[in-house]
*Asks:* 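One structure, as structure tokens, below. Some questions next.
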There are 2 protein chains.
Amino acid sequence: MDRDILKNVHLFSELSESELEKIYSRCDLKTFGKGEMIFFDTEPYQGFYIVIEGSVKIFKISKDGREHIVHFIHPFNTFAEVPLLEQYEKIRNDEFTYPANAMSLEKDTKLILIRAGVFYDIVEKNKTMCLKMISTLAKRLRHLNVYIENITQDVPKRIARYILTEQIKIISENKDQIELPISKHDLAAYLGTIDETLSRALKKFQDDNVIEVDGKNIKVKDKQALVKIAAG
Amino acid sequence: MDRDILKNVHLFSELSESELEKIYSRCDLKTFGKGEMIFFDTEPYQGFYIVIEGSVKIFKISKDGREHIVHFIHPFNTFAEVPLLEQYEKIRNDEFTYPANAMSLEKDTKLILIRAGVFYDIVEKNKTMCLKMISTLAKRLRHLNVYIENITQDVPKRIARYILTEQIKIISENKDQIELPISKHDLAAYLGTIDETLSRALKKFQDDNVIEVDGKNIKVKDKQALVKIAAG
DNA sequence: GAGGTGGTTTGACTTAGGTCAAATAAGTGA
DNA sequence: TCACTTATTTGACCTAAGTCAAACCACCTC
């Protein structure tokens, strides 16, 4: 791994060369296969991760066995920083587990593990990083707020919202065609539902001529209708 | 208001006298009646609040008009800091609304409003405060995680969990008797359900001899059973 | 091309929990 | 204490979305 990769990580973008070097020399690079578990919510907390390549899902399993995906993490973003930060005041406490499970979604997901001690050393000396951390947390908080807002809505609404916000990314390239970046199973879990319900709802949209589904490809045929459903 | 009140606010607990003075001289004290709105999620962001007396609920209204309470805020805690922090990098941007609604829950809820500018001035010079902010956010994040975990469970489970965690506070005074700190309506909204469903579920618990309900007073008669339901 | 192995879809069935409407109980100010 | 508003409970009913079981499909590998 090239050390300069660390510069792409927003959290580290304003560190000095020597600080980067310090982190680089003390972090672990790990590679995971598709579907491989990165950690369980039962295991002791070691530190947080940065995605370099591939993607990761963060999820919880409810007692009835259903999976609920809370985040997808893409390259240069971090995950599992929260226990670290929450513990800040009782620094270096050992008995702490991860708050959720994490699984690799792609064949060669490359991650960097930053151990708690390394992080504390840096953050204590670096206010900019501290502020960035705050900003990251705030964004995550907002994300969870949206998530909560969504799961209180019905499934078609959640799907419509998902498609519309996904589409925003694509529309900038002038297309009404989007490609799901994840499997339908993961999408269902992310939307807080199950495969069957998602499948049926998509079919209904198709029957109503709102979208056209072909595998992972979705073509929006009636954006107005979709917006209306999403707004509910 | 006494200036020393600010010392009770965890976020400010390690500020110097002069810093406290600066905040004190530049903040607004506001009083709200029960049920009075503090802000709507449509109005421009002004700054964050600190509860001095009384309590506050933070909630969202879904399009079908249902209310979902996300937080209850009690004395010496802050709320609505997130937009402030998220904006940190584009400091002092004006066009921003509150992410949710806030309403006073008691007759004389006293709040302090800290405007964005004041906060930025302080935090930029004070690393401890920065770290505390991180820790606050991290805790809030965890709270939301629990919240999400809960709303994916069925209503009886959510109630059981609520009772058990509420009871923890009381048990320290050796009681199996708890008193709901909020109305049943608010409890229902907090548990992500409606009054009727909450009522029926409580009745069921009572019929099953798990608890005894008398207005806001709940007596736990069979803690084992409750634990079992909560764990489910 | 046969046989796997996930991912996805369909159908038949069940149910938690929502809606609507109305009765009761509690709380509050004059 | 009365009158009136607000909170809580109850009953009858309905529906979104979950379960279970089975079929289908699209890639892979051998």
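Convention: sequence-line order gives letters A, B, ...; per-chain numbering from 1.
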*Asks:* Please report the distance, rounded to the nearest Å, between CG in B:Asn217 and C1' in D:dT8.
*Replies:* 15 Å
*Asks:* What class does the angle between the rings of B:His143 and B:Tyr190 fall in, given that below 30° is parallel, 30 to 60° is tilted and above 60° is perpendicular?
*Replies:*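 Plane angle under 30°, so parallel.
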*Asks:* Grab the NZ-P distance between B:Lys216 and D:dT9 for me, whole Å please.
*Replies:*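 Atom NZ in B:Lys216 sits about 10 Å away from atom P in D:dT9.
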*Asks:* To the side chain of A:Asp154, which of D:dG18, D:dT8, D:dA16 is closest?
*Replies:*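 Output: D:dA16.
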*Asks:* Nearest to the side chain of B:Ile194 - D:dT8, C:dT10, C:dG18?
*Replies:* C:dG18
*Asks:* Ignoring backbone atoms, establish whether A:Thr193 has a side-chain N or O less than 4.0 Å from OP1 or OP2 of D:dG18.
*Replies:* yes
*Asks:* On DNA chain D, does the nearest nucleotide to A:Pro156 precede the nearest nucleotide to A:Glu196 from the 5' side, or the other way round? Give the residue.
*Replies:* A:Pro156
*Asks:* Atom CD of B:Glu106 and atom C1' of C:dT28: how far apart are they, to the nearest Å?
*Replies:* 17 Å
*Asks:* Figure out the CD1/P separation between A:Ile151 and D:dA17, and round it to whole Å.
*Replies:* 13 Å
*Asks:* So, OP1 or OP2 of C:dT9: does either fall under 4.0 Å of a side-chain N or O from A:Lys184?
*Replies:*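 The answer is yes; a side-chain N or O of A:Lys184 sits under 4.0 Å from OP1 or OP2.
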*Asks:* Between C:dG17, C:dT19, D:dA17, which nucleotide gets closest to the side-chain atoms of B:Arg158?
*Replies:*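 The nucleotide sitting nearest to the side chain is C:dG17.
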*Asks:* Taking for each residue the nucleotide of DNA chain C bearing the nearest heavy atom, is the 5' side occupied by B:Lys34 or by A:Leu202?
*Replies:* A:Leu202
*Asks:* For A:Asp214 and A:Asn217, indicate whether the former's side chain and the latter's backbone hold a donor-acceptor pair under 3.5 Å.
*Replies:* no
*Asks:* Out of C:dG17, C:dG18, D:dT9, which nucleotide sits closest to the side chain of B:Ser199?
*Replies:* D:dT9
*Asks:* When you match A:Gly215 and B:Gly192 each to their closest nucleotide on DNA chain C, which lands nearer the 5' end?
*Replies:*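 Whichever sits nearer the 5' end wins; that is A:Gly215.
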*Asks:* Atom NZ of B:Lys204 and atom C1' of C:dA16: how far apart are they, to the nearest Å?
*Replies:* 13 Å
*Asks:* Tell whether B:Arg66 reaches the base of C:dG18 with its side chain through a donor-acceptor pair below 3.5 angstrom.
*Replies:* no
*Asks:* Measure CE/B:Met103 against P/D:dT6 and give the value in whole Å, please.
*Replies:* 12 Å
*Asks:* How close or far is atom P of C:dT19 from atom CG of B:Asp195, stated in whole angstroms?
*Replies:* 11 Å
*Asks:* In terms of the angle between their ring planes, are B:Phe32 and B:Tyr49 parallel, tilted or perpendicular, with boundaries placed at 30° and 60°?
*Replies:*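 B:Phe32 and B:Tyr49: perpendicular rings.
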*Asks:* I'd like to know if the side chain of B:Gln206 reaches the main chain of B:Val213, judged simply by a donor and an acceptor atom lying under 3.5 Å from each other, with no hydrogens or angles considered.
*Replies:* yes
*Asks:* Would a distance-only check, ignoring hydrogens and angles, find a side-chain to backbone donor-acceptor pair under 3.5 Å from A:Asp41 to A:Asn101?
*Replies:* no
*Asks:* Any idea which of C:dG17, C:dT19, C:dT9 is nearest the B:Arg200 side chain?
*Replies:*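 Closest nucleotide to the B:Arg200 side chain: C:dT19.
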*Asks:* I want to check one thing: is the phosphate of D:dG18, taken as OP1 and OP2, less than 4.0 Å away from some side-chain N or O of A:Thr197?
*Replies:*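 For A:Thr197, the contact criterion (side-chain N or O under 4.0 Å from OP1 or OP2 of D:dG18) is met.
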*Asks:* Atom NZ of B:Lys203 and atom P of C:dG17: how far apart are they, to the nearest Å?
*Replies:*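 In whole Å, C:dG17 P and B:Lys203 NZ are 17 Å from each other.
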